[in-house]
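Some notes on the structure that comes next.
Atoms considered below: every heavy atom in the structure, side chains included; atoms not considered: hydrogens, waters and symmetry mates.
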Amino acid sequence: MSKFQAITSLFILVFIIIFVTYKITAHSSKHSTTNHSTSNRQHIQVQLLGVNDFHGQLNKYQMVSGTMAGGAEYLAAYLKKYIQENPNTLLVHSGDMVGGSPPISSQFKDEPTIEFLNLLHFDVGTPGNHELDQGVNEMKRLIYGGFNKKTGYFQGANTSYSSANIIDTKSGTPLLPPYVIKQIDGINIGFIGVVTKETNLYVVPENRKEVEITDEVSVINRTVKLLKEKGIKVIVVLAHESAKSDQSGANSSGALVEMAPKIDDEVDVIFAGHSHEYANTVVAGKLIVQAYSNGKAFSQVNLEIDPHTKNIVKKQAKIIVTSHHKIKPDKETVALLNKYRKRLGSYFNQIIGEMPEEISRNQDANGESPLAKMIAESEREAMGVDIAFVHQGEMRKNLKKGDITVEDLYTDLPMGHSVSKLILTGNQIKLALEQQWAKDYENRLQTVGLTYNWDPNAPIGNRIVALKDMKGQEIQPNNEYEVAVSNYLALGGDNFTAFKQGRLVESGPQVVTALIRYIQQKYPLHSLNSLKE
């Protein structure tokens, strides 16, 4: 072999080695890139942002852990920020978005709150018990649109509503869709709404006569079965039910914590509500969250979903406080609030009196609430009777120290109830007091014009002893007494059915109007002009 041939052969050998090495490296590199791409695409990142128990608090702020929080304009700013960070987001709520609202919402039949939810494009929601405060037809009007004689035509909500256990008594089927399916990045997510069965106690019979609220667990499990038949494996429950936990997730309690082990394991996440507590915990494999109330916080639930199996492979949550100092208010929402502030006018800014100290709505060890006593006294005076009763749910906030405006009282007493004068027998009065205790809960009435003792160890229904009137005379079983109560109690609200047995003899002013008059008389401002009702 010549020298030239040897060099040529060597060159060819080197070329072959380089070529083979390149192919092997290229193949390996290509294989590695494919694996990396699959890894990136393996889990779809879905974000669920949840709000509960907003109660129309569009323009109200509260301190949370030393920071000012709440208000529609701040809640909106936070939600928009988090949506920008992950477009694979659904906005959801678990009820009581309206009801018990301050004047900026309540004076317009809570339409401003629905407008706010529409502005943010909430995807899925469920009614709470307060959505039924004004009756089934009014709830449906706010959801689907319709006419109201005070506000005119309203377009309704653009949110998809679900409730599996509000049953139409005529048809025997759910009044609203039992589930809603939303799709994100090719993944179908099923949402099931339910409301606490205690709604049957909280909403007066007249306002829920068209519906029955049925057992939550059984209806969730039946609806899960329907979703599983459709091949849906990511299932979220929007439950207007109570839950509570420590910040760490420990010491969980509440109705949902008790229900969780009985709920189908295909349910992955449960958004709670109703109790206005903090909850971020896992019970029986279900992630349960609740973000306080009134827009002070929201729930962020992050899901990682396998696109092949359609199952959740990871889930975690945070409860995020809407701290004012960390974000600028949302301009669109500020414009909405200003529109309704202008329409509300100046009446609600008028000062009606000055309180020398804060009057608490909270009950002491004996079940006594100073604010409830004041309201009861104002009702008693308004109706010219000796006895009055007030239920604890009538009040929403303490009555602050200092100048008191009309808006303060409408915010503290937002339910719109009026005062009724009833004739009750002594037996009916005693029965009403006995109804403060039921098998699973205690619901204390506030009274003026009566004194009584009770035996906590006696059987339920036989606890009241030594029942006397304001003069110290025993209440006689068959004697008749004039009593002032709210029309809510007169209709048997909060399960105080004894009041429904009474005879209505007169309808009086709104409860808030009675309290305005009482404060004007007892705590007047010298320069105050008398308010007209």
Between the main-chain N or O of [Y] and the side-chain N or O of [X], is there a donor-acceptor pair closer than 3.5 Å?
X	Y	result
Asn86	Asn88	yes
Thr513	Pro509	no
Thr322	Gly295	yes
Ser242	Ala255	yes
Gln446	His391	no
Lys150	Gln107	yes
Ser299	Leu49	no
Asp53	Gly273	no
Ser323	Lys326	no
Lys310	Pro307	yes

Side chains of [X] and [Y] in contact at under 4.5 Å (non-hydrogen atoms):
X	Y	value
Phe116	Leu75	yes
Pro356	Lys401	no
Gln45	Glu304	yes
Lys522	Glu381	yes
Leu287	Asn280	yes
Asn294	Lys60	no
Ile220	Val194	yes
Asn487	Ser507	no

Practice item. Under the salt bridge (Lys or Arg N to Asp or Glu O under 4.0 Å) rule, what do Lys373 and Glu368 come out as? Steps first, then yes or no, please. Key: CA-CA 8 Å; Lys373 287 286 189 183; Glu368 299 288 325; 2.9 Å; yes

Over all atoms of both residues, closest heavy-atom pair of [X] and [Y]:
X	Y	value
Ile187	Asp306	CD1-O, 4.4 Å
Leu132	Asn207	O-CB, 3.8 Å
Ile232	Ile189	CG2-C, 4.4 Å
Ala291	Asn52	N-OD1, 2.9 Å
Ile270	Ala239	CG2-CB, 4.0 Å
Thr411	Pro103	OG1-CD, 3.7 Å

What do you reckon, is [atom1] of [X] surrounded by more than 12 foreign heavy atoms closer than 6.0 Å?
X	atom1	answer
Lys244	NZ	no
Lys80	NZ	yes
Lys328	NZ	no

Identify each donor-acceptor pair in which a side-chain atom of residues 176-186 lies under 3.5 Å from a protein atom, sequence neighbours left out, and give them as a table.
unit_1 : atom_1 : unit_2 : atom_2 : d
Lys182 : NZ     : Ser160 : OG     : 3.2
Gln183 : NE2    : Asn188 : OD1    : 3.1

So, [X] and [Y]: side-chain donor and acceptor under 3.5 Å apart, yes or no?
X	Y	value
Ser105	Asp110	yes
Glu73	Thr333	no
Glu111	Thr151	yes

How many angstroms lie between atom [atom1] of [X] and atom [atom2] of [Y], to the nearest 0.5 angstrom?
X	Y	atom1	atom2	value
Ile305	His43	CD1	NE2	10.5 Å
Asp246	Ser253	CG	OG	9.0 Å
Asp412	Met415	CG	CE	13.0 Å
Glu357	Asn398	CD	CG	11.5 Å
Gln316	Asn302	CD	CG	6.0 Å

Practice item. In sequence, state the C-alpha distance, the side-chain angles, and the governing distance for Gln247 and Tyr278, and then conclude on side chain to side chain contact (heavy atoms under 4.5 Å, CB included). Key: CA-CA 8 Å; Gln247 299 277 330; Tyr278 174 101; 3.6 Å; yes

Practice item. Go through Lys286 and Asp268 one step at a time and tell me if the salt bridge (Lys or Arg N to Asp or Glu O under 4.0 Å) criterion holds. Key: CA-CA 5 Å; Lys286 288 103 179 161; Asp268 303 288; over 6 Å; no

Review point. Could you walk me through whether Gln290 and Ser275 pass the side chain to side chain donor-acceptor pair (under 3.5 Å) check?
Key: CA-CA 9 Å; Gln290 183 179 192; Ser275 57; 3.1 Å; yes

Review point. Where does the angle between the aromatic ring planes of His417 and Tyr488 fall among parallel (under 30°), tilted (30 to 60°) and perpendicular (over 60°)?
Key: parallel

Exercise for review: Determine the interplanar angle of the Phe298 and Tyr78 rings, folded into 0 to 90°, and report it as parallel if under 30°, tilted if 30 to 60°, perpendicular if over 60°.
Suggested key: tilted

Review point. Can you check side chain to side chain contact (heavy atoms under 4.5 Å, CB included) on Asn148 and Glu138, steps first, answer last?
Key: CA-CA 9 Å; Asn148 180 280; Glu138 180 63 6; 3.9 Å; yes

Check your understanding: Between Thr196, Asn165, Asn129, which is the residue that forms a side-chain contact (heavy atoms from CB on, under 4.5 Å) with Ile213?
Key -> Asn165

Pairs under 3.5 angstrom only: tabulate donor-acceptor contacts from the side chains of residues 335-345 to other protein residues two or more places apart or in another chain.
unit_1 : atom_1 : unit_2 : atom_2 : d
Asn338 : OD1    : Arg341 : NH1    : 3.1
Asn338 : ND2    : Val334 : O      : 3.4
Lys339 : NZ     : Glu115 : OE1    : 3.1
Tyr340 : OH     : Glu115 : OE2    : 2.3

Practice item. Give every residue pair that meets the ring pair (Phe, Tyr, Trp, His ring centres under 6.0 Å) criterion with at least one member in residues 183-204, sequence neighbours excluded. Key: Tyr202-His274

Review point. What do the steps show when you test Asn349 against Thr405 for side chain to side chain contact (heavy atoms under 4.5 Å, CB included), and what is the final call?
Key: CA-CA 6 Å; Asn349 295 326; Thr405 65; 5.8 Å; no

is_close_aromatic([X], [Y]), centroid dist under 6.0 Å:
X	Y	result
Tyr144	Tyr161	no
Phe54	His93	no
His276	His55	yes

Review point. How far apart are the C-alpha atoms of Phe154 and Phe147, what are their side-chain angles, what is the distance that settles it, and do they pass the ring pair (Phe, Tyr, Trp, His ring centres under 6.0 Å) test?
Key: CA-CA 6 Å; Phe154 181 62; Phe147 182 82; over 10 Å; no

Point to revise | Leu399 and Ile404: CA distance, side-chain angles, deciding distance, side chain to side chain contact (heavy atoms under 4.5 Å, CB included) verdict | key: CA-CA 8 Å; Leu399 193 58; Ile404 300 297; 4.0 Å; yes

